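Step one of this worksheet: look at the structure below.
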Protein chains: 2
Amino acid sequence: MPRRVTIDDVARLAEVHKATVSRALNAQTRDQVNVETLKRVKRAARQLGYVPNAMARGLRTSRSMTIGVIIPDLMNPIFPPIIRGIEHVLQAQGYTVLVANTDSHDDVEISAFESLLQRRVDGFILATGRLDDHTVVDEAKAADVPVVLVNRGAGMGGFPLVSGDNAHGIDLALAHLIELGHRRVVHAAGPTNFSTTRSRAEAFEAAATKAGVEHDTSYASGLTIEAGFDVADEILAGGGGCPTALVAGNDLVALGLIRRLRAEGLRCPEDVSVVGFNDMPFAEDFWPPLTTVHMPLREIGAEAARLLLRGIDAGEQEAATVTLPVSLVVRGSTGPART
Amino acid sequence: MPRRVTIDDVARLAEVHKATVSRALNAQTRDQVNVETLKRVKRAARQLGYVPNAMARGLRTSRSMTIGVIIPDLMNPIFPPIIRGIEHVLQAQGYTVLVANTDSHDDVEISAFESLLQRRVDGFILATGRLDDHTVVDEAKAADVPVVLVNRGAGMGGFPLVSGDNAHGIDLALAHLIELGHRRVVHAAGPTNFSTTRSRAEAFEAAATKAGVEHDTSYASGLTIEAGFDVADEILAGGGGCPTALVAGNDLVALGLIRRLRAEGLRCPEDVSVVGFNDMPFAEDFWPPLTTVHMPLREIGAEAARLLLRGIDAGEQEAATVTLPVSLVVRGSTGPART
DNA sequence: TTGTATGCGTTATCAG
DNA sequence: CTGATAACGCATACAA
């Protein structure tokens, strides 16, 4: 790698001082320089293939124009759309997005956070809201850096949160099932230490009680296909016979549930109806096509980014909680209750 | 945001010179400092919550310890595993991975590259191998920065490439179909300007000719479900009646094909068999479960990262081409030819 | 083993 | 409108 071209090289070729080059090359200060010299500088820069050094600039301005995004699992299809939403609004403002994937691993999470902090990101968007493990949120609090929580983490650390309306989603799902004649419904929830799990489980309990349907809740060990497959054990072995409908903690759990149902010789939706959560990409291509609660994932990401930007510009965070509306997408995994 | 703690603050508290702090905090030079002072420094650093400034360090060392990864579409499920493979080996070496998603948009691609270059990434991994549009590769060439191509882009710019064995994958797929009795097979390939499309299409032509089966190739406008859905037009309307089997350019195209088949009242695999390509996550959860060519995606990413690291350390790139073995995963989307 | 001095490439402040 | 100069936070060659 040959030595990179610096602002000094450009200055020499353009026969001006490097301060002038700096002014010429920054949109902010461009109008402070003579049109003629501006041209000369631009030409010189192009000729030399000058690429400004963001590290030097950041060091000087103490802004990296960089945002750190920490997510627990890139392989979960709900995250790409969220990231896309984030990037969409951030890139438009000249920010670069640094995505760190932690595989839901605590120590990775913490070291990713640390690494991003070292890079002096101007803010964080965190999608890792476990209730029991406040480490990252606490660290963020201690580091006194702008943070927006996404999707999970209601009320943690007093940071703003953007998410879909979990309670209403559950209401919609349950209403749909009841309308189809289901009277025995089990909620195959996510792990108890996710904040979303709690919101949804509480909403389920409340709605099911109010509607007067027989109900129960089982907790999967993760928000994955495997965990969904496994939690079916508990549900199938549960007292009171097999429920006629299941509300899953998310679409992956729903997929695991369906896999297991099939393995047990039960058909979906003829024998058991299943409702997912999130409406992740490809939900309609599974078998059966998933009836699920649609989350505006892209918009959630975009809104989080906007909130963060506002916080950065204002110099302080509003403790807003933005809840975006959800809707029910009825596809093939739900049907009339078997009588 | 209060002023950040610097190495000077630590030095003052520990009552040593900042140079000593620097030495104490870097693994490389740690043994140059007295055990006692080391302790003092560490304590002071912890006490103050010192976080080293990567920009300042990078500016001084002219290494950002950062790798840029440019991918065309985060929503395509083949990329998360690849990214994971990349991160796995890079993080172990202390590198941070900057992922830029371009949505297959030329100008976004170029500006993402530029942005990464400004950040002085130590190298690039590019997954954007279109044949007609050399811009990024050319820019990379001009910038004289270490690059490894991934998945696509055979032979572009003389950069190393890591990919799966496309030709062999096609051979496996075709052999499987022929064994099932298919004699009229169409290749629903990707866009003509992807290098993978060419390798696969050529292999298909060769293998089908050699096997003596009736065959044809149609080109989808993208590697997406929609493009797969649309290219079915051409195939269904094609002369010589409907083929009994299709080899898709990738799994998404396969999904689109199947959607369309269903829309036309054709069943898969009873009426038409479909083979996908990549074995993307969830391939087994679709309906029917996808028979597809398995690509070792994670390993492809990991190998690309290793190759890049070697190039960076050596100061020059080997022009290696690494081709990883593929295999056929037979699931539900292929069956005996209708006679 | 530790301190001193310098420079990495920018931008901001201050003169002119 | 432009030039000179300092400073951002750190690592390192050199001196002690």
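Reckoned from all heavy atoms, side chains included, excluding hydrogens, waters and symmetry mates. Just so it is clear, the structure is predicted and the values come from calculations on it, not from any experiment. In what follows, chains carry the letters A, B, and so on, assigned in the order in which the sequence lines appear, proteins first and then strands, with residues in each chain numbered from 1.
Separating the NZ atom of K18(A) from the C1' atom of dT13(C) is a distance of 14 Å, rounded to the nearest angstrom. Remark: P of dT2(C) and CZ of R30(B) are 14 Å apart, rounded to the nearest angstrom. In this structure, the NE2 atom of H17(B) is 15 Å from the P atom of dA16(D), given to the nearest Å. Computed from coordinates, the Q118(B) CD to dG9(C) P distance equals 15 Å when rounded to whole Å. Q32(A) has its CD atom 11 Å from the C1' atom of dT11(C), to the nearest Å. The CZ-P distance, from R120(A) to dC10(D), rounds to 7 Å in whole Å. At whole-Å resolution of the value, CG in D8(B) and C1' in dA11(D) are 13 Å apart. Atom CD of E15(A) and atom P of dG3(D) are 11 Å apart (whole Å).
Looking at heavy-atom distances under 4.0 Å, T37(A) makes contact with sugar-phosphate atoms alone, never a base.
Donor-acceptor pairing under 3.5 Å is lacking for the side chains of S62(A) and R4(B). Judged purely by distance below 3.5 Å, without hydrogens or angles, the side chains of T96(B) and R119(A) pair a donor atom with an acceptor atom.
Set against dT11(C), dC10(D), dA5(C), the side chain of I7(A) has dT11(C) as its closest nucleotide. Comparing dT2(D), dG9(C), dT12(D) by their nearest atom to the side chain of A19(B) picks out dT12(D). Among the nucleotides dA5(C), dA12(C), dC14(D), the one closest to the side chain of R23(B) is dC14(D).
Looking at R60(A), its side chain has no donor and acceptor atom pair within 3.5 Å of the base of dT10(C).
Checking T61(B) against D31(B), the closest nucleotide of DNA chain C that is more toward the 5' end is the one next to D31(B). Residue V33(B) is the one, among L59(B) and V33(B), whose nearest nucleotide of DNA chain C lies closer to the 5' end (criterion: closest heavy atom).
A pairwise comparison of heavy atoms in D73(B) and F79(B) identifies O-CD1, 3.1 Å as the closest pair.
Using a 4.5 Å cut-off on side-chain heavy atoms (C-beta onward), N26(B) and R57(B) make contact. Residues V5(B) and V51(B) are not in side-chain contact: their nearest non-hydrogen atoms beyond the backbone lie 4.5 Å or more apart.
Contact annotation: N26(A) reaches the phosphate of dT11(C) (side-chain N/O to OP1 or OP2, under 4.0 Å). Put simply, T20(B) has a side-chain N or O that comes within less than 4.0 Å of OP1 or OP2 on dG3(C). At dC10(D), none of the side-chain N or O atoms of S22(B) fall inside 4.0 Å of OP1 or OP2 (strictly under the cut-off).
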